[in-house]
There are 2 protein chains.
Amino acid sequence: MLVMQTKYGIVKQAIKSKILDGTYEPHAKIPSESEMMKQFEVSRHTVRLAIGELVTEGWLYREQGAGTFCADRSKQQLQHNGMPNKNIAIVTTYISDYIFPSIIRGAEAYLSDHGYNVSLFNTNNDHEKEREYLERIITTGFDGAIIEPTKSASANPNINYYLNLERLQIPYIMINAYYDALEPFRVLVDDEQGAFLQTEHLIKQGHRDIIGFFKTDDMQGTLRMKGYLKAHREYKVPITPNHIVTYSTEEKHEKPVKELEALLNQSDAKPTGLVCYNDELAIKLINVLRERNIKIPQDMSIVGFDDSFLTELSEVKLTSVAHPKAELGRAAGKLILDLIENGQGKGYEAAIDSVVFPIKLVTRQSTQAIGEETLEKTK
Amino acid sequence: MLVMQTKYGIVKQAIKSKILDGTYEPHAKIPSESEMMKQFEVSRHTVRLAIGELVTEGWLYREQGAGTFCADRSKQQLQHNGMPNKNIAIVTTYISDYIFPSIIRGAEAYLSDHGYNVSLFNTNNDHEKEREYLERIITTGFDGAIIEPTKSASANPNINYYLNLERLQIPYIMINAYYDALEPFRVLVDDEQGAFLQTEHLIKQGHRDIIGFFKTDDMQGTLRMKGYLKAHREYKVPITPNHIVTYSTEEKHEKPVKELEALLNQSDAKPTGLVCYNDELAIKLINVLRERNIKIPQDMSIVGFDDSFLTELSEVKLTSVAHPKAELGRAAGKLILDLIENGQGKGYEAAIDSVVFPIKLVTRQSTQAIGEETLEKTK
DNA sequence: TCCGATTTGTTCGTATGTATG
DNA sequence: GCATACATACGAACAAATCGG
């Protein structure tokens, strides 16, 4: 649904949300007009306008003297069912992220081969958008959904929608991250282990002052930070607090670069290694280092994450952590089809289970042991 | 219709009668609200109630500032008994191509905002797959399709499917390229002009031996080759046949690199400039040059195509040709909605038209005039 | 059956915002 | 810039239906 800037639109959306997230069950009475007036601090006229439209759209019905009630859409649904065929929704945060297309492609290929259509939605990491799409998944009648959670590190305001999906027996799985409270089926990469490998690699090469850059508004970032810390503890390397740089999606273009520059300018505990949230950031930081004539890997070792095509692009090939991207999408497609075709009711089928993908380090030229001479590159 | 005792019911009935008896013809303006107030001696609110219901029932439509008009009911019947849902298919060749996500995102954002679901299909540039998806689009009942043609340079064995789409009045548009025989609505970048700009730029800087690399299994590549040739002719620069390197999708990882190496090894007519099919190839070729210690731009100028984020990634920032990617997707979304909601039957509506996006050259550091000293980079 | 409180239904008045021509 | 027309919003009053006591 489009963004409603008008008051009645806000009221309308609020009511509709409570229908879709299951707060108002079919035939249950919704609050009276006067209650709504207080609740939203609007006039009765405005409340009536909102309710009126929902009535004409078939969401509610009114009974004079009695109240306004939630309509039972389940019956109309059969008649109304729009998409006759097999449809799966994929909800991601950013379609454009350099890493996502592979995952989407993997899922699309598998699902297409099994006769399903794949619809794409991207939330731009915005909870509002996520809600809008969950509403659409419920109303349009998708057979299942593959969802990358929006802002997975923070509490999710749309929990009720997910619970309603379960109530309506629309299977869904989460990829890359998940909301703890839901305990959904999921397909993940072992992010903590990944960052552990990044950090361990540098520690074993003698690095002690290692900066970690983590995007912490999603679960992946916080897990990777955990892996970074774990490696330090396990190898008894003291942790310097300001060597951990966290940033949010909005800050990704500015903050890490600025923080690195600040850390390079200070004299004590000069960093010799960088652990990056992903390859994109690593490339960005390499550019910063290049401008300061800091040689890689002689003066600074740097490790990326994702093992994307970016690792091969730079002059110095990037050491990175590899995870199977297309396979991850494929596994997600397989899991959701298992759920649709076999398992009704979460937890029923012991045969169906979440998947955690293993991860490994791919060593290239952007890291070396402290003090070591660079080997001449041989092709 | 039953007798309406309420005032708004009377007004409503009166208006409806005049529609049914032909007093108000389709698209004719009906009296304004204030006129109705006088005529029926009721308040404005009452008039609005009456008109409002007629609008939701599809008898009238309102335009702010202009007036209220009689709807054309004859056409709505056809649309209404069809599918209640809004679904658009996007068929691309490669979801994973670094340039595609932006286009898909642009289209997805626009279509989502207008309440449509977007389904994704990728053909891997395989006609078989394309056919499979076209079948699915027809049988599943999509409202429209945005299609990037598979192997657009060669004849298409699935022409009949496209013709059938037209017969079934399922609107479709093509992006990036199109099959000549169909003359579809389309959203394109001016590829020929783009390659003309690439080549012209080098010629004006004194380059005479310019290699052009073109992927010629799609229309874009052949058009770009045309632009390359046109620039040579226009500036009266002789064309060396083996300075044109063509390759297919399958060959893209190997052939251009090998051809470049072969051309560098030969002694006569040493190339001083490279015109690349896209940025990805340009970066790949830059790596080849780097291994041979050929300096860019002193010894070799190189121009990319797409103005993607890759241009900023390399040590030497890449001169490239820019086209608006997300806007192209957006325009495609807009065009298909125009066709769905307004235009039935191709060619009918003169208001709806194909779009060709302008293109421009973005000069960075990977090109310079023959013999010129490199300016020191200043930040 | 009636009463009164509650809830929706109809109607009027008024004001301000915004798009169109 | 101006008048016109629809869009949104507040307030008030009374009518009609429902429901519990």
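The basis for the numbers below is simple: all heavy atoms, side chains too, and nothing from hydrogens, waters or symmetry mates. In what follows, chains carry the letters A, B, and so on, assigned in the order in which the sequence lines appear, proteins first and then strands, with residues in each chain numbered from 1.
- Put simply, CG on B:L49 is 15 Å from C1' on D:dT8, counting in whole angstrom units.
- Nearest to the side chain of B:E35, among D:dC10, D:dA5, C:dG9, sits D:dA5.
- Where B:H45 and A:R44 meet DNA chain D, the nucleotide closest to each residue was compared, and B:H45 sits on the side nearer the 5' end.
- Atom NZ of B:K12 and atom P of C:dT10 are 10 Å apart (whole Å).
- For the pair B:M36 CE and D:dC6 P, the interatomic distance rounds to 9 Å; values are reported in whole Å.
- For the 3.5 Å distance criterion, the side chains of A:T123 and A:E130 fail to qualify, holding no donor opposite an acceptor.
- Between B:T68 and D:dC6 there is a side-chain polar atom (N or O) within less than 4.0 angstrom of OP1 or OP2.
- Regarding contacts with the backbone of D:dC10, a side-chain N or O of A:T46 is found under 4.0 angstrom from either OP1 or OP2.
- When the P atom of D:dA17 is taken as reference, atom CZ of A:F69 falls 16 Å away, rounded to whole Å.
- Per the geometry, OH belonging to A:Y8 stands 13 Å off P belonging to D:dC10, to the nearest Å.
- Contact check, B:R62 against D:dA7: a side-chain N or O comes under 4.0 Å of OP1 or OP2.
- Ion pairing of B:E327 with B:R330 is absent here, as no side-chain N (NZ or NE/NH1/NH2) approaches a carboxylate O to less than 4.0 Å.
- Checked options A:Y178, A:Y133, A:Y162; the residue passing with A:Y172 is A:Y162 (criterion: ring pair (Phe, Tyr, Trp, His ring centres under 6.0 Å)).
- Side-chain atoms of B:S43 lie closest to C:dC12 of the nucleotides D:dT8, C:dC12, C:dT7.
- Taking 4.0 angstrom as the limit, A:S34 places none of its side-chain polar atoms (N or O) nearer than this to OP1 or OP2 of C:dT6.
- D:dA5 atom P lies 12 Å from atom CD1 of B:I51, rounded to whole Å.
- Candidate nucleotides D:dT8, C:dT7, D:dC6 were compared by shortest atom distance to the side chain of A:T6, and D:dT8 ranks first.
- Going from atom CE of A:M37 over to atom C1' of D:dC10 covers 9 Å, rounded to whole Å.
- Exactly one residue among B:N176, B:I336, B:T92, B:L134 makes a side chain to side chain contact (heavy atoms under 4.5 Å, CB included) with B:I147. That residue is B:L134.
- The CD-P distance, from A:E63 to D:dA17, rounds to 13 Å in whole Å.
- In this structure, A:F69 and A:Y61 have parallel ring planes: the angle between them is below the 30° cut-off, well short of the 60° mark.
- A sub-4.0 Å separation between OP1 or OP2 of D:dA7 and a side-chain N or O of A:K7 is absent.
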